[in-house]
Amino acid sequence: GSADGKSWNTLDRRTGDTCAARKESRTFKMASPAAHRFLRITFAKPADPVRFQLSDIAFAGLSLSPGAAPAPSGDYRRSLDLATGIALTEYTVNGVKIRREVYSSRPDQVVVIHISADQPGALGGIVRLKDAHQAETRAGDNHLGAAGALGNGLRFASRVRIVPHGGSVTPENNTLRFRGCDRVTLMLGARTDYRMDAAAGWRSGLDPAEMVAAEVNAAAAKLETQIRAAHLADHAAYFNRVAIELRTLPQSFHMRAAL
């Protein structure tokens, strides 16, 4: 973890961990959790090189399940568009094509999960919010929220709100169940009361639960297309600063270079 992206503190270190088979998932809890502005994960090359493949790294938090034993899926495809910063997953279940798009919007301070189907009323499932520090999750009519504090007094909060298009949403045992939806948009936000100011004791004095609720509710009041447009413009302002164009060079150029 780091406060400035230059000086780093080790929060956890793992050695000797192996996987018995392909596609195996492992869960690790951070040995020394602490508040930092930047986080990174570094994989050291082993002394005896072996083949190493890693499909996903997921941090404990939001989960989305169908609410029953999932049906077999096909036509699975996953991609990341670097030019837009949008991760896309597509698959087919029971003849219904599902499309899930995920992006992080800096202007609206939310992670957006937009799920659609090519048939009306085909979407249904359960949304859960699990806090990595065992804070209790509470459900409202259309949202889930969790809040707590670390051992060093740092307060944190997270909130996810579901915006259905068609169908219904009902809270069930601190989860949200949606049924018969054409499209579903989830707005996920998180905040702490950390402030990069030693004179202030590294705390802002603001309630992270109130902050994240205001941000998520403001995002949910907008159309998903509005949030997407703001995200694309913001992302392009950084991504489009540099461009690389690769062309086929004439043979004469190669000859001169060789000489």
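Fair warning: this is a prediction, and the values are worked out from it, not measured in the lab.
When every heavy atom of A135 is checked against every heavy atom of A147, the shortest pair comes out as CB-O, 3.4 Å. The nearest pair of heavy atoms linking P171 to D141 is CD-O, 4.1 Å. Scanning all heavy atoms of the two residues, the minimum distance from T84 to H235 falls at C-CD2, 3.6 Å. The two atoms that bring A117 and V96 nearest to each other are CB-CG1, 3.8 Å, heavy atoms only. Across every non-hydrogen atom of A146 and T137, the tightest pair is CB-OG1, 4.1 Å. Summarising the geometry of V184 relative to F178, their closest heavy-atom pair is CG2-CD1, 3.8 Å, with the distance given to 0.1 Å.
When the side chains of ILVMFWY residues are joined at heavy-atom separations under 4.5 Å, either directly or via intervening members, L206 and V212 end up in two distinct hydrophobic clusters. In the hydrophobic clustering of ILVMFWY residues, with side-chain heavy atoms under 4.5 Å counting as a link, L186 and I86 come out apart. Two different hydrophobic clusters hold V163 and V102 under the rule that ILVMFWY side chains link at heavy-atom gaps under 4.5 Å. Hydrophobic clustering (side-chain heavy atoms under 4.5 Å, transitive across Ile, Leu, Val, Met, Phe, Trp, Tyr) groups V93 together with L123. Residues L150 and M196 share a single hydrophobic cluster, defined by chaining ILVMFWY side chains whose heavy atoms lie under 4.5 Å apart.
Atoms CG and CG, on D193 and D207 in that order, are 8.5 Å from each other to the nearest 0.5 Å. Here the CZ-CG distance, from R106 to D234, works out to 4.0 Å after rounding to the nearest 0.5 Å. A distance of 12.5 Å separates OH of Y91 from CZ of R99, quoted to the nearest 0.5 Å. From D182, atom CG reaches atom CD1 of I115 across 13.0 Å, with rounding to the nearest 0.5 Å. Rounding to the nearest 0.5 Å gives a distance of 13.0 Å between CG of L129 and CZ of R138. Atom CG of D197 sits about 10.5 Å away from atom OG of S204, to the nearest 0.5 Å.
Partners of H143 according to the side chain to side chain donor-acceptor pair (under 3.5 Å) rule, which considers only residues two or more places apart in sequence or in another chain, are R159.
Sorted by first then second residue, the side chain to side chain donor-acceptor pair (under 3.5 Å) pairs that include residues 224-233, not counting sequence neighbours, are E101-R228, Y103-E224, E224-R228.
Considering only heavy atoms from C-beta on, I113 stays 4.5 Å or farther from T185 through its side chain. Two residues are said to be in side-chain contact when any heavy atoms from C-beta on lie closer than 4.5 Å; L88 and E90 meet this criterion. Inter-residue side-chain proximity for Y194 and R203 is flagged as met; some heavy-atom pair is nearer than 4.5 Å. Side-chain contact between L176 and L144 is present, with heavy atoms from C-beta onward closer than 4.5 Å. Looking at heavy atoms from C-beta onward, R177 lies out of side-chain contact with V127 at the 4.5 angstrom threshold.
Using bins of under 30°, 30° to 60° and over 60° for the plane-to-plane angle, the ring pair H114/H165 lands in the perpendicular bin.
When only modelled atom types and interatomic distance are considered, N217 and R161 share a side-chain donor-acceptor pair under 3.5 Å.
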Item to complete: Just do the side-chain contact (heavy atoms from CB on, under 4.5 Å) check on Y76 and R78 with the steps written out, would you?
Response: CA-CA 7 Å; Y76 186 88; R78 184 171 59 182; 4.0 Å; yes
Worksheet entry | Chi angles and distances behind the salt bridge (charged side-chain N to carboxylate O under 4.0 Å, His left out) call for D12, R14 | CA-CA 7 Å; D12 198 0; R14 304 279 171 167; 3.0 Å; yes
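Without hydrogens or angle criteria, D108 side chain to V110 main chain gives no donor-acceptor distance under 3.5 Å.
In N173, the CG atom is not crowded: 12 or fewer heavy atoms of neighbouring residues, nucleotides or ligands sit closer than 6.0 Å.
A salt bridge between R191 and E215 is present, with a side-chain N of the basic residue lying under 4.0 Å from a carboxylate O of the acidic one.
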